[in-house]
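Everything on this sheet refers to the single structure shown next.
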There are 2 protein chains.
Amino acid sequence: MKLSISEENHIKAIYHLQSSMERVGTKDLAARLKTKPASVTDMMKRLKIKRLIDYKPYYGFKLSAEGKRVALTIVRRHRLWEYFLVEKLQFDWDEVHELAEELEHVRSPLLIERLDTYLNRPKFDPHGDPIPDREGNFSQEDAVPLTILKANQKGKVSRITKNNKEVIDLIMLKHIRKGSRIEIKRIFTIDGSIELKVDNKYVEHISPLLAQNILIEHENGKK
Amino acid sequence: MKLSISEENHIKAIYHLQSSMERVGTKDLAARLKTKPASVTDMMKRLKIKRLIDYKPYYGFKLSAEGKRVALTIVRRHRLWEYFLVEKLQFDWDEVHELAEELEHVRSPLLIERLDTYLNRPKFDPHGDPIPDREGNFSQEDAVPLTILKANQKGKVSRITKNNKEVIDLIMLKHIRKGSRIEIKRIFTIDGSIELKVDNKYVEHISPLLAQNILIEHENGKK
DNA sequence: TTAATAATTTAGACAAACCTAATAATTATT
DNA sequence: AATAATTATTAGGTTTGTCTAAATTATTAA
Ligand SMILES: [Mn+2]
Ligand SMILES: [Mn+2]
Ligand SMILES: [Mn+2]
Ligand SMILES: [Mn+2]
């Protein structure tokens, strides 16, 4: 099925909103896409015809199985490009979203496959969000980067990604090591830096880059 | 000025057609873009309003100075992406055009600048076509890859790009060396291989990859 | 130099993707 | 339960980019 860029953007937005609400409403989707409720209704009718959503007028919508599959391929493309931009083109992690928002619409399974291989099949994007694989599955690793935790969440350090000397020195300095109990205090959106409490003892402030290299034992179950 | 994807495609197509005709006609442009003459006329009216072309009804059109500037940035994006796809993602040189046709429309000067840097500022794309720089200038080097020559054109070998042993062995085998006089006999579009006469003596058949590494002294003057 | 042919433009339609304003349905509040 | 507030849909438009068919202009050939 060939989808337009706008259709893809709508599908992806529904996917994201669904994680925090059972059915998505017209107003919320319009707000997220910076469009108007009337326009969303138009689009929902079309997506319903294409069987990508379950749409009950006045009662919101949710992705169909096929819609979810499509959403995951778009998310995959988006996050792989973000990873590429940061890892290869030296962009900062907070500069890449808008570009990925466009690059994600180049639909070529072969391109994405090659890009994935080239990047060494990364499991998380520069913001710490997981990158779905070709089949739409997320990493089964129970270790996730510290960056995906939100304020007030807790976790235990399971391992450090890079065995780079500087990284090691830094985490030592911050009293972090394998097994440390971490509690996120605050996330500064300006630079993505994180204030956290280590082993209920030390209050530390670390960069997002360092945080990406600290893997936390994943709480299996609902997110 | 913000241009749509379709507008960009039209501008670029005019640019290419202009190299073989003074003014471009409606029918030719329609054929190249796989659209209809009536649609081209519509678009030409709009591009005229945006002052990107000089359009005289019934007498064809040509790019304005500004139009040419725009065309060159699109060509630059196209060719840089092609280079990326071949050099980094292991695509074959004959598989990349369609993908670049889409990637070229991600308009971000910063992205293209970083990509260029990352790729080490290549001067020619995988087909041997020159990549314009940020200012729209082509390489001033008087050496161009053998691949940009057309059938029946002649040239003198100025140098070999890679000092790789295999490349050296191959060009020796084909009787090619610095100073050799080359005459292109035929280009096989299936694989891009080239039949040529060396020093008016040996008829040889070489791969496009090898041809890319053979630099020819450029005939300065009109193209 | 006129008639035939080819190229181009115009007229009129249509789908996609938006919009505003008006109307209707749902949900929350007294 | 009635009313108010919120949310969603419909009606009717607009712009972009395409199309087909008809009319017009330019070019070529008789
Ligand atoms: Mn997008
Ligand atoms: Mn991201
Ligand atoms: Mn190309
Ligand atoms: Mn294109």
Side-chain angles (χ1 to χ4, degrees), chain A residues 1-14 17-18 20-63 67 70-71 74 101-102 104-107, chain B residues 1-14 17-18 20-63 67 70-71 74 101-102 104-107:
Chain A
M1 185 167 3
K2 235 181 61 198
L3 299 179
S4 71
I5 289 177
S6 184
E7 285 172 326
E8 285 197 342
N9 284 335
H10 280 78
I11 293 281
K12 189 169 62 121
I14 296 170
L17 289 173
Q18 264 185 20
S20 61
M21 48 180 88
E22 183 55 21
R23 295 186 78 87
V24 179
T26 308
K27 196 183 118 87
D28 299 298
L29 188 50
R32 185 174 234 267
L33 291 172
K34 293 185 165 96
T35 172
K36 295 284 138 66
S39 309
V40 167
T41 301
D42 278 358
M43 182 59 88
M44 293 308 104
K45 286 177 186 167
R46 259 174 285 152
L47 293 182
K48 187 195 177 143
I49 289 167
K50 297 196 175 186
R51 308 184 160 286
L52 294 171
I53 58 169
D54 161 33
Y55 171 42
K56 262 217 284 254
Y58 292 105
Y59 291 91
F61 25 82
K62 61 197 291 197
L63 295 177
V70 170
I74 305 166
E101 202 57 53
E102 301 204 26
E104 70 188 355
H105 302 294
V106 177
R107 301 164 210 73
Chain B
M1 186 168 2
K2 233 180 61 198
L3 299 179
S4 71
I5 289 177
S6 183
E7 286 171 326
E8 286 197 342
N9 284 334
H10 280 78
I11 293 281
K12 189 170 62 122
I14 296 170
L17 289 174
Q18 264 185 17
S20 61
M21 48 180 90
E22 182 55 24
R23 295 185 79 87
V24 178
T26 310
K27 197 181 120 87
D28 299 299
L29 188 50
R32 185 172 233 269
L33 292 171
K34 291 183 165 97
T35 174
K36 294 285 138 64
S39 308
V40 167
T41 301
D42 280 356
M43 184 59 87
M44 292 310 102
K45 286 177 186 165
R46 261 174 281 152
L47 293 183
K48 186 192 177 144
I49 290 167
K50 297 196 175 185
R51 307 184 160 285
L52 294 170
I53 58 169
D54 161 32
Y55 171 44
K56 262 219 283 261
Y58 292 103
Y59 291 91
F61 25 84
K62 61 196 290 198
L63 295 177
V70 170
I74 305 166
E101 202 56 53
E102 300 204 28
E104 71 187 356
H105 302 294
V106 177
R107 301 165 211 72

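Chain naming here is simple, since letters A, B, ... match the order of the sequence lines and numbering starts at 1 in each.
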Taking the side chain of A38(B) as its heavy atoms from C-beta onward, which of dC19(C), dG17(D), dT10(C) lies nearest to it?
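Looking only at heavy atoms from C-beta outward on A38(B), the closest nucleotide is dT10(C).
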
Between dT20(C), dT8(C), dA17(C), which nucleotide gets closest to the side-chain atoms of E7(A)?
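Nucleotide nearest to E7(A)'s side chain: dA17(C).
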
Distance test, side-chain N/O of [X] to OP1/OP2 of [N], below 4.0 Å:
X: S39(B); N: dC19(D); answer: yes
X: T35(A); N: dA17(C); answer: no
X: R46(A); N: dA17(C); answer: yes
X: T41(A); N: dT9(D); answer: yes

Beyond-backbone contact of [X] with [Y], side-chain heavy atoms, under 4.5 angstrom:
X: I74(B); Y: L3(B); answer: no
X: H105(B); Y: N9(B); answer: yes
X: L52(A); Y: M1(A); answer: yes

Hey, does T26(B) reach any base, or is it just sugar-phosphate, or nothing, if we go heavy atoms under 4.0 Å?
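Contact class for T26(B): sugar-phosphate only.
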
Need one value for S6(B): base, sugar-phosphate or nothing, where a base atom within 4.0 Å counts as base even if backbone is also close, heavy atoms only.
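If one applies the 4.0 Å heavy-atom cut-off, S6(B) turns out to touch the sugar-phosphate alone, with no base involved.
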
Between R107(B) and K2(B), is there a donor-acceptor pair closer than 3.5 Å when you use the side chain of the first and the backbone of the second?
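Absent.
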
Between R46(B) (side chain) and E7(B) (backbone), is there a donor-acceptor pair under 3.5 Å?
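Checking the backbone N and O of E7(B) against the side chain of R46(B), no donor-acceptor pair under 3.5 Å is found.
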
Quick one, M44(A) with I14(A), criterion side-chain contact (heavy atoms from CB on, under 4.5 Å). Give me CA distance, side-chain angles, the key distance, then yes/no.
CA-CA 11 Å; M44(A) 293 308 104; I14(A) 296 170; 4.0 Å; yes

Which atoms form the tightest heavy-atom contact between I53(A) and K48(A), and what is the distance?
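Shortest heavy-atom separation between I53(A) and K48(A) comes out as CG1-N, 3.7 Å.
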
With the threshold set at under 4.0 Å for non-hydrogen atoms, list the residues of residues 51-58 of chain B touching DNA chain C in residue-number order.
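Per residue number, the list reads Y55(B), P57(B), Y58(B).
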
Atom-pair distance ([atom1] on [X]; [atom2] on [N]), nearest Å:
X: L29(B); N: dT8(C); atom1: CG; atom2: C1'; answer: 13 Å
X: I49(B); N: dG17(D); atom1: CD1; atom2: P; answer: 12 Å
X: N9(A); N: dA16(C); atom1: CG; atom2: C1'; answer: 15 Å
X: E8(B); N: dG17(D); atom1: CD; atom2: P; answer: 11 Å
X: L33(B); N: dC19(D); atom1: CG; atom2: P; answer: 10 Å
X: D28(A); N: dT6(D); atom1: CG; atom2: P; answer: 15 Å
X: R23(B); N: dT27(D); atom1: CZ; atom2: P; answer: 12 Å
X: L3(A); N: dA16(C); atom1: CG; atom2: P; answer: 12 Å

If you apply the rule side-chain contact (heavy atoms from CB on, under 4.5 Å), what do you find for F61(A) with L29(A), and how did you get there?
CA-CA 10 Å; F61(A) 25 82; L29(A) 188 50; 3.6 Å; yes

Nearest nucleotide by nearest heavy atom, which residue falls closer to the 5' end of DNA chain C, K36(A) or Y59(A)?
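The residue whose closest nucleotide sits nearer the 5' end is K36(A).
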
Hunt down the Watson-Crick or G-U wobble partner of dA3(C), both distances under 3.5 Å, from any strand shown, or write none.
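Here dA3(C) is engaged in a pair, and the nucleotide opposite it is dT28(D).
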
